[in-house]
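In what follows, a single structure is set out as C-alpha cells and then discussed.
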Amino acid sequence: MRAGGDGRFYITTAIPYVNAAPHIGHALEFVQTDVIARANRLMGREVLLLTGADENSLKNVKAAEEQKITTQQLCDRNAAYFMELAQKMNLSFGVFMRSSLREAHWPGVQRLWQLCDGAGDIYRKKYSGLYCVGCEQFYTEGELVGGLCPEHKTKPEPVEEENYFFRLSKYQDALQKLIEEDRLRVWPQSRKNEVLGFIRGGLEDFSISRSVARARGWGVPVPGDSSQIMYVWLDALSIYMTGVGYGTSDKEFGKWWPTDVHVIGKGIIRFHAVYWPAILLSAGIDLPKSVFVHGYLTVEGEKMSKSIGNVVSPLALLGKYTADELRYYLIRDIPTFEDGDFSEAALKDRVNKELLGDLGNLVNRVLTIVEKSGFTDFSGKNELGGMLDADAVVGALGAMELHNALGMIMEFVRACNRYVNDKAPWKLDGEELRGVLYNLLEAMRIVSVLMYPFIPETSEKIAGKLGTRITGFAECRFRESFTERTAKGEHLFKKIE
RNA sequence: AGCGAGGUAGGGUAGUCUGGAGUGCCCGCCGGGCUCAUAACCCGGAGAUCGGUGGUUCAAAUCCACUCCUCGCUACCA
C-alpha cells in the first residue's frame, strides 16, 4: 500500500449489486475498507473512500416488474439500504456513486468505450450461448443442472446474437507481467497465484454489450449504436472512475486517479484483476495500484443462502450491537484474506470478553484510580512503552494485515491490565503512584490512536475521557508527562447478556 | 482432471519463506490470587505423536518425495 507521491490515497469498496438488501458479507467488506482508509488518514494522507451501487442489470428490471414498480424505484430503494449500512457502520466514504445516474456516470463510461474502440479493441462478433427464456439470461454448460436451467428446470435453447467484444486476448502478456511484478498488486499472494494461473491458461475476448431488447433498454447505451446496451462489467467497473469525476471533471479525476486499493470479494477477482486493467490499458488510463481480495462468510458453519433462510442482516445486528462492536468482531474474528464464519455467540463473546473485559475495564479501573489519586499531572519512568511496538502495528496496517494489527493492540491492552495487577496502584501513593498512572495514561492515549481505524467511536470516547486528541500515528510514543484533565464518565461498553 | 490454498491440544488460530527443545495466543475446562475495575482483572495447571509415510540433517511443524482429506479457481457468472 503505497500512496502516490502527493500523499493522496484513493480506496474503493466493490460496488454492490443492489438486487437485494445487504448481508453480513457487505458489512465485512465495508469495515475492512474503512480500517485501511482511516489508517491512511492517521498516516497523514488525504484519503478518499468510494462506495456505491451497481444498478444496470436485467435482474433489477425483472425484480422491479415483479414488485410492480419502476426499475429506478427499485434501485433507489435498494441503494438506500446500502447507503444506510455505510452510514451506520461509520464507513468514512466521500463518494456514493450509482450507475443509474445518467449525468454523472454515463458520459465517463461512454468515453471509456470510445477510447477502447479507438485503440481497435472493440469489434462485433456473433455470440452464441444457451439461453433460458424464463431467466432471460445465458448459461454456461457448467451452470446447468443435468442440462437444465437450475431455476426453471427447462432446457435452455441455443441463441445467436451479434454483440460487441473486447479484445482481451491482446493484453495477456502485458497483464501477466504487471501482476507478476506487483505493478498491479494482488493481495493476498494466493489470489495473485490464482489470477496468474488464469491468465497463463490463455485469455479469450469477452462480450461487452447486449441487445437493447435483451437488456430491456436498461443500462448505458453503446455510443453510435442504438441497438446495443453495455453489458454490466464495463459499466460497473467504470464507477470507480466516474465517481471521481471521469467524464465530468478532469480536475477531480486527476486529483484522485489511479486507485490505490480496490477492496473486493473473491468472487469478482477476475473482473478486477484481469478485465479491468486490460480495459484501462486499452484506453491508455493509469492502472489501479492494487486489489485487495477478502474471503466469504459462512453463518454458524453453513453457507449463507436465501433458501436456508440464514442470511444475516447487518442492519438488524446494528439494532442490537454498536457499530464499533460489530466492526471489532469482524476484524478480530475473521482472518483478513480467508473465508470466515459468522456466529453471534462469537460476536457476543468478543464484546464481553475483550471490548468490555479487557479494554473497557482497563480504562475504567485506571481512571478510577486516577481520580482517587488527586494528581493532575503525571510523569515518571517509562515502564510500559517497551511492551508495545507501535511501528509494527502501523507496519501491519500498511501490509494489509488488519487482523494482526488489531491483535497486537489487544496484546498491549492485556499487558496494561497485567501491569495494573503487578503494580497494585491502589496500595501505592506519592511519586510511585504518580509514575504508575503516568504509564497507564500514556498507554491508553496511544491505544486510543491505534484503535481508531478499527473502533473510531470508542477511540474518540477514550480520548474524550483522557482529554486528549487523536491526530495521527506520529502521536503513538510515550511523552515525558501526561497533563491533560481526565474525566471518567460512563462505561465504554455495556455487557451483552 | 489441471492449477492454487490449507490440514498445529475439545474448538479457533499464529509460527512454516530465513530448520534448533511443541514455542505462542483466544475460547472452553480445573485450581489459585487480587479487590482499583461492568463477577471485570492477574497467575498457575491439564490437554497436541504439528493429517499420514518415507527421506535430507547433529537437529524438521518448518526443507524434499509420496500419500490421504478439505476448500477455492478452471471465463462472459456480481
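What you are looking at is a predicted structure, and each value in this text was computed from that prediction instead of being measured. Chain letters run A, B, ... following the sequence lines, proteins first and then strands; every chain starts at 1.
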Taking the side chain of [X] as its heavy atoms from C-beta onward, which of [options] lies nearest to it?
X: A:Glu354; options: B:C36, B:C26, B:A78; result: B:C26
X: A:Thr368; options: B:C41, B:G4, B:C36; result: B:C36
X: A:His491; options: B:U35, B:C42, B:U38; result: B:U38
X: A:Asn421; options: B:A37, B:G33, B:C43; result: B:G33

Using a heavy-atom cut-off of under 4.0 Å over every strand shown, decide if [X] touches base, sugar-phosphate, or nothing.
X: A:Glu194; answer: sugar-phosphate
X: A:Tyr231; answer: sugar-phosphate
X: A:Gly202; answer: base
X: A:Asp358; answer: sugar-phosphate
X: A:Asp349; answer: sugar-phosphate
X: A:Ala236; answer: base

Establish, with yes or no, whether the OP1 or OP2 oxygen of [N] is under 4.0 angstrom from a side-chain nitrogen or oxygen of [X].
X: A:Arg350; N: B:C26; value: no
X: A:Lys494; N: B:U38; value: no
X: A:Asn417; N: B:A37; value: no

- prompt: Does any nucleotide pair with B:A21 by Watson-Crick or G-U wobble geometry, both distances under 3.5 Å, and what is it?
  reply: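 Paired with no nucleotide.
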query: Does B:G31 pair with anything, Watson-Crick or G-U wobble, both distances under 3.5 Å, and if so, with which nucleotide?
result: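 Paired with B:G31, as far as the under-3.5 Å criterion goes, is B:C43.
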field: Parallel, tilted or perpendicular: rings of A:His262 and A:Tyr240 (30°, 60°)
entry: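 Aromatic pair A:Tyr240/A:His262 classed tilted.
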Ring-ring centroid check A:Trp187 A:Phe292, cutoff 6.0 Å: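 Ring-ring flag for A:Trp187/A:Phe292: false, centres at least 6.0 Å apart.
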task: Taking atom C1' in both B:G19 and B:C26, compute the distance separating them and give it to the nearest angstrom.
output: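 Taking atom C1' in both B:G19 and B:C26, they lie 28 Å apart.
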message: Using whole Å, what does the distance between atom C1' of nucleotide B:U13 and atom CZ of A:Arg332 come to?
response: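 Whole-Å distance recorded here is 10 Å.
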